[in-house]
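One structure is given here, and the rest of the page talks about it.
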Amino acid sequence: MSWYYTPRPTVVAADEFDASTDAAALRKAMKGFGTDEQAIIDILCARNNQQRQEISEAFTRELGRDLIDDLKSELGGKFEDVIVGLMLPPAKYLCKQLHKAMDGIGTNEKTLIEILCSLNNEQIKEVVNTYEELYDRPLAEHLCSETSGSFRRLLTMIIVGSRDPQGTVDPDLAIEQANQLYTAGEGKLGTDEEVFYKILAHASFDQLEMVFEEYKSLTGRTIEQALKAELSGELYEALSAIVECVQMAPHFFAKRLHKAMDGVGTDDATLIRIIVSRSEIDLQNIKDEFEQMYNKSLHSVVKDETSGDYKRALLALIGQA
């Protein structure tokens with residue numbers, strides 16, 4: 001999703017990289033009495049995912065051990081969540097987060113929205129395939145059992161990959177779609193939710209940007225104002241997330257991070273998920289957006305709101321203040 005900004009990661013491939021050397025250093029950090037947590041951070045938070053997979057392979061090949069199993073037995077709590085999260089391929093990591101959001105009693109709709117409404121078709125396809133491999137159950141089926149109504153229909157449309165490919169635009173259709181949105185919402189008594197979720201789940205992000213501009217020209221109001229006036233609950237949250245990701249994904253994630261650390265207590269699960277999953281995509285953009293929006297750096301807020309090895313790992317992924 002790079003049509004309004006150039007995605008800038010905070011974690012990139014290390015130049016001087018040797019998987020065998022890193023594997024041996026990690027084994028040394030975990031061997032014997034006590035664990036050298038800083039050594040683990042220095043290695044795994046400074047390599048990209050591809051390099052971490054190579055380290056994992058070298059660890060098994062040369063030491064006959066499973067790196068993730070060793071990390072799990074040596075680490076604990078939130079620090080373990082960060083490090084083990086980094087070791088998973090990105091699609092697998094997101095699948096585990098989705099499963100966790102739906103498993104057990106109650107469903108964490110905000111996590112479902114954050115993950116599914118920010119992905120493009122290629123990413124969705126990979127997540128859907130990986131989910132079924134991991135859990136021997138289609139993601140669509142699991143989602144349908146945990147959600148309902150228009151919210152369920154929107155998420156189902158997203159995960160069947162019905163969104164037009166990136167770059168698909170039709171200016172005449174954008175005018176028509178803006179009119180359809182107006183007629184289904186502000187232009188009538190009551191709301192035809194189906195029109196909203198069909199357009200926002202089907203059109204490419206490029207097309208939607210055009211639709212939102214046409215909507216403003218047509219009505220003098222933003223699409224955000226229309227959604228707020230016409231919708232509520234999870235459907236409103238999900239469609240708003242799509243609108244924000246169309247216009248500026250880093251803004252959406254910066255808001256989520258701020259909310260996770262604002263007020264009493266920290267929503268560590270959200271904090272970890274966004275920092276781990278966006279570190280190789282656009283975490284630098286998210287940092288810039290965060291500072292612009294809240295007049296303080298992401299680095300300083302994370303530093304104040306977290307502690308110990310967990311804090312050191314997150315700050316290593318965020319990079320310099």
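We number each residue from 1, following the sequence as shown.
- Residue Val82 is not grouped with residue Ile281 when hydrophobic side chains (ILVMFWY) are merged at heavy-atom distances under 4.5 angstrom, including chains of intermediate members.
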Set out, in order, the CA-CA distance, both residues' side-chain angles and the distance that settles side chain to side chain contact (heavy atoms under 4.5 Å, CB included) for Phe205 and Asn120, then state yes or no. CA-CA 8 Å; Phe205 276 29; Asn120 63 32; over 6 Å; no
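- Atom CD of Gln320 and atom OG1 of Thr10 lie 11.0 Å apart (nearest 0.5 Å).
- The two residues Ala226 and Tyr215 have their closest heavy-atom pair at CB-OH, 3.4 Å.
- Shown here is Glu186, whose CD atom has more than 12 heavy atoms of other residues, nucleotides or ligands within 6.0 Å.
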Can you give me every donor-acceptor pair (side chain of residues 168-184, partner residue at least two apart or in another chain, under 3.5 Å) with its distance?
from	atom 1	to	atom 2	distance (Å)
Thr168	OG1	Pro165	O	2.6
Asp170	OD1	Asp172	N	3.1
Asp170	OD1	Leu173	N	3.0
Glu176	OE2	Gln180	NE2	3.4
Gln177	OE1	Gln207	NE2	3.0
Asn179	ND2	Ile175	O	3.0
Thr183	OG1	Asn179	O	2.8

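- Under the 3.5 Å distance criterion, the side-chain polar atoms of Thr21 are left unmatched by any main-chain donor or acceptor of Phe17.
- Taken from CD1 in Ile318 to OG in Ser279, the straight-line distance is 10.0 Å, to the nearest 0.5 Å.
- Remark: Lys125 NZ is loosely packed, at most 12 non-hydrogen atoms of other residues, nucleotides or ligands lying under 6.0 Å away.
- Arg278 places no side-chain N or O within donor-acceptor distance of the main-chain N or O of Ile286, the cut-off being under 3.5 Å.
- In this structure, Leu317 CG and Ile274 CD1 are separated by 13.5 Å, a value rounded to the nearest 0.5 Å.
- Side-chain atoms of Arg152 come within 3.5 Å of backbone N or O of Cys144 as a donor-acceptor pair.
- Looking only at distances, a side-chain donor or acceptor of Asn49 sits under 3.5 Å from a matching main-chain atom of Leu86.
- Clustering ILVMFWY residues whenever any of their side-chain heavy atoms sit less than 4.5 angstrom apart, transitively, puts Val160 in a cluster other than the one holding Leu154.
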Let's go through Glu62 and Ser20 carefully: what are the C-alpha distance in whole Å and the side-chain angles of both, what is the deciding distance for side chain to side chain contact (heavy atoms under 4.5 Å, CB included) to 0.1 Å, and is it a yes or a no? CA-CA 8 Å; Glu62 290 159 30; Ser20 300; 2.7 Å; yes
Start with the C-alpha gap between Lys28 and Asp36, add the side-chain angles, then the distance that decides, and say whether salt bridge (charged side-chain N to carboxylate O under 4.0 Å, His left out) holds. CA-CA 8 Å; Lys28 188 182 170 195; Asp36 185 348; over 6 Å; no
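- At a threshold of 4.5 Å between side-chain heavy atoms, the hydrophobic network of Ile, Leu, Val, Met, Phe, Trp and Tyr places Val12 and Leu283 in two separate groups.
- Looking only at atom types and distance, the side chain of Gln50 has a donor-acceptor partner in the side chain of Glu54 under 3.5 Å away.
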Test side chain to side chain contact (heavy atoms under 4.5 Å, CB included) on Glu213 and Glu209; report intermediate values, then the result. CA-CA 6 Å; Glu213 283 167 16; Glu209 180 63 22; 3.4 Å; yes
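- Here the straight-line distance linking atom CG of Asp164 with atom CD of Gln166 works out to 12.0 Å at 0.5 Å rounding.
- Within the model, atoms CZ of Arg8 and CG of Asp288 stand 4.5 Å from one another, a figure rounded to the nearest 0.5 Å.
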Which pairs of donor and acceptor atoms, one on a side chain in residues 302-310, lie under 3.5 Å apart (sequence neighbours left out)?
from	atom 1	to	atom 2	distance (Å)
Glu305	OE1	Thr266	OG1	3.3
Thr306	OG1	Val302	O	2.6
Asp309	OD1	Arg312	NH2	2.3
Tyr310	OH	Asp268	OD1	2.8

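- Tyr5 and Glu289 form no side-chain donor-acceptor contact under 3.5 Å, judged by distance and modelled atom types alone.
- Note on residues 236-246: pairs passing side-chain hydrogen bond (donor to acceptor under 3.5 Å, both in side chains), not counting sequence neighbours, are Glu244-Lys255.
- Relative ring orientation between Tyr131 and His142 is described as tilted, the plane-to-plane angle lying within the 30° to 60° band.
- In this structure, Ile68 is a member of the same hydrophobic cluster as Leu75, with clusters built from ILVMFWY side-chain heavy atoms closer than 4.5 Å.
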I'd like a table of donor-acceptor pairs (distance under 3.5 Å, sequence neighbours excluded) in which one partner is a side-chain atom from residues 133-141, with atom names and distances.
from	atom 1	to	atom 2	distance (Å)
Arg137	NE	Glu141	OE2	3.0
Arg137	NH2	Ser145	OG	3.3

Could you go through Arg47 and Asp22, starting from their C-alpha distance and side-chain angles, then the distance that decides it, and tell me whether this counts as salt bridge (charged side-chain N to carboxylate O under 4.0 Å, His left out)? CA-CA 10 Å; Arg47 309 286 184 268; Asp22 283 349; 2.7 Å; yes
Salt bridge (charged side-chain N to carboxylate O under 4.0 Å, His left out), that's the test. Do Lys296 and Glu291 meet it? Break it down for me. CA-CA 5 Å; Lys296 46 194 166 186; Glu291 190 155 1; over 6 Å; no
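- A side-chain donor-acceptor contact under 3.5 Å links Glu193 and Ser150.
- Counting only residues at least two apart or in different chains, ring-ring contact (aromatic ring centres under 6.0 Å, His included) contacts with residues 20-61 are absent.
- Listed for the Asp70 side chain is no donor-acceptor partner under 3.5 Å among the backbone atoms of Arg65.
- One distance of note links CD1 of Ile43 with CD1 of Ile55; it measures 7.0 Å at 0.5 Å rounding.
- In this structure a side-chain-to-backbone donor-acceptor pair under 3.5 Å is present from Gln51 to Asn48.
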Residues 109-116 side chain polar contacts: donor-acceptor under 3.5 Å, at least two apart:
from	atom 1	to	atom 2	distance (Å)
Thr111	OG1	Asn108	OD1	3.3
Thr111	OG1	Asn108	ND2	3.1
Glu114	OE1	Arg256	NE	3.1
Glu114	OE1	Arg256	NH2	2.6
Glu114	OE1	Arg273	NH2	2.9
Glu114	OE2	Arg273	NE	2.9

